[in-house]
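Right, one structure below, let's go through it.
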Amino acid sequence: MVVPSIKTRLPGPKAKRLIARDEAVTSPSYTRPYPLVVSRGEGFVIEDVDGNQFLDFTAGIAVTATGHCHPDVVHAIQAQASRLLHISGTDFYYQPQIELAEKMAEIAPGKKKKRIFFTNSGAESVEAAFKLSRYKTGRTRMIAFVGAFHGRTMGALSLTASKAVQIKHFAPMVPEVTHIPYGYCYRCPYNLTYPSCELECVRYIEDTLFKKFVPPEEVAAIIVEPIQGEGGYVVPPPEYHPMLKRICEKYGILYIADEVQSGMGRTGKMFAIEHWGTAPDIICIAKGIASGMPLGILIADTDIMTWEEGAHASTFGGNPVSCAAALETIRLIEEELMRNASKVGEHLIHQLQRLQKEYDLIGDVRGKGLMAGIELVKNRKTKEPAVKEREQILQESFKQGLLLLGCGESGIRFCPPLIVTNREIDTAIEILSQVFKKVRR
Ligand code: PLP
């Protein structure tokens with residue numbers, strides 16, 4: 001099978017008809033980067049309704065970790081679906097949820113014992129983290145980062161600072177959230193250079209924030225993405241997370257790692273924060289945990305998740321079918337996919353760096369494992385974001401059968417299923433090279 005294989009003009013006739021029907025009845029708030037109407041998925045291949053086959057480097061926004069419809073995951077889902085679809089873990093017990101809680105507690109970073117709360121999505125995991133940190137500390141304030149994306153429900157949205165359109169018309173946000181610049185070295189907010197900067201972006205917290213306008217004894221938690229996702233696949237420097245954690249410990253502030261996009265093996269470790277050797281107090285998980293079944297998870301140290309009966313719950317959270325999918329997904333990640341993400345991810349970064357040597361449009365290449373990104377600039381000196389060119393590249397890649405997503409203002413992310421091999425990476429790079437040539441003209 002040769003993939004990609006594009007047989008029609010895009011969108012094809014069936015896709016066009018379905019898009020017209022969709023546009024008449026669905027919310028105009030959805031953001032569709034190109035007209036892809038999916039019929040089925042297998043591994044890293046997506047087939048559209050007109051029989052065109054695409055190489056998927058989106059994994060449904062970093063979700064289908066094991067590839068589309070991995071037979072072992074499908075089997076686990078089918079077996080669980082024929083036994084029990086729902087009963088609610090809020091009110092009753094069932095084995096898949098207990099087993100998954102035990103597994104998450106076992107694989108979470110840090111030496112302390114853990115407790116698990118189940119949700120349905122990333123935003124809900126963040127909401128739960130927000131509430132738990134207020135509950136536990138009795139403090140109200142939160143610190144989050146410019147460029148962060150934590151979800152779209154009101155609490156999670158209040159912690160988000162990714163795109164103004166996500167906030168516009170929804171004010172007021174939950175009060176007492178302060179956003180500070182992230183460790184984004186390619187565009188250092190202080191115009192400094194690593195390592196001579198001595199991480200001004202972290203020192204700012206104690207030197208300015210705590211002294212001038214955010215009393216530390218009122219701060220419940222700092223919430224941070226170990227690697228910023230929607231904000232541009234931004235990897236902070238090696239000292240970044242350990243320094244943040246030390247500040248948290250000094251002032252009794254909880255350290256929340258939002259691993260919704262970076263977690264579950266994608267970066268070559270189970271949790272991206274492990275690259276920095278930092279143990280968070282609370283971890284938010286969703287996306288890749290259940291290969292596409294809706295599931296979110298909150299992990300917290302046992303001495304932090306102490307809220308009383310009735311304080312927080314969810315009807316669907318920890319659905320038995322999603323838990324069964326998650327247990328199988330984790331088995332596959334542990335057995336081989338995490339190692340594959342690390343190995344193939346290195347090849348991906350190497351190939352992107354090779355592309356960067358050929359095309360001035362690529363200002364920066366960064367990432368860990370199969371969470372890799374490029375940032376496009378009109379001019380490498382001024383670093384003016386190449387926003388229009390990014391859109392052209394996404395559209396043209398689609399036409400040539402490669403599915404990609406943007407991130408940040410002018411970034412492109414590469415987050416394929418963790419089963420990809422060097423062969424698919426090379427195919428994607430070959431397509432991209434053609435696309436860059438076309439856009440350069
Ligand atoms: N947190 C991070 C880091 C994310 O990347 C996302 C989604 O992209 C979310 C939270 C929200 O997840 P969901 O869309 O499942 O609510």
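Start at 1 and go down the list; that is how both ligands and their atoms are numbered.
When only non-hydrogen protein atoms are considered, atom 2 (C) of ligand 1 lies nearest to Phe149 O, 3.2 Å. Given atom 9 (C) of ligand 1, the protein heavy atom at minimum distance is Val260 CG1, 3.7 Å. Regarding atom 1 (N) of ligand 1, its nearest protein heavy-atom neighbour is Asp258 OD2, 2.7 Å.
Among the atoms of Lys287, some N or O lies under 3.5 angstrom from an N or O of ligand 1. Taking any N or O of Gly122, backbone or side chain, at least one lies under 3.5 Å from an N or O belonging to ligand 1. Here's the thing with Ala286: none of its N/O atoms is less than 3.5 angstrom from an N/O atom of ligand 1. For Gly151, no nitrogen or oxygen atom sits less than 3.5 Å from a nitrogen or oxygen atom of ligand 1, counting backbone and side chain alike.
Between the side chains of Thr119 and Ser314, no donor-acceptor pair of N or O atoms lies under 3.5 Å.
Atom CZ of Arg115 is surrounded by 12 or fewer heavy atoms from other residues, nucleotides or ligands within 6.0 Å. Atom NE2 of His86 has more than 12 heavy atoms from other residues, nucleotides or ligands within 6.0 Å. Taking a 6.0 Å sphere around CZ of Arg32, one finds it holds more than 12 heavy atoms contributed by other residues, nucleotides or ligands.
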Q.
ring-ring contact (aromatic ring centres under 6.0 Å, His included) for Phe210 and Tyr251? Distances and angles first, verdict last.
A. CA-CA 10 Å; Phe210 287 173; Tyr251 296 97; 5.0 Å; yes
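Between Tyr34 and Phe398, the angle of the ring planes stays under 30°, which puts this pair in the parallel group of the 30/60° scheme.
Ion pairing of Asp301 with Lys113 is absent here, as no side-chain N (NZ or NE/NH1/NH2) approaches a carboxylate O to less than 4.0 Å. Taking 4.0 Å as the cut-off between side-chain N and carboxylate O, Arg331 and Asp72 count as a salt-bridged pair.
In Glu230, the part holding a heavy atom less than 4.0 Å from any atom of ligand 1 is the side chain.
The ligand atoms of ligand 1 that sit less than 4.0 angstrom from a heavy atom of Ser121 are 15 (O), 16 (O). Atoms of ligand 1 lying under 4.0 Å from at least one heavy atom of Glu225, given by number and element, are 3 (C).
Checking Ala62, Cys407, Ala123, Pro294 against atom 16 (O) of ligand 1, the nearest heavy atom belongs to Ala123.
Of the protein's heavy atoms, at least one falls inside 4.0 Å of atom 5 (O) of ligand 1.
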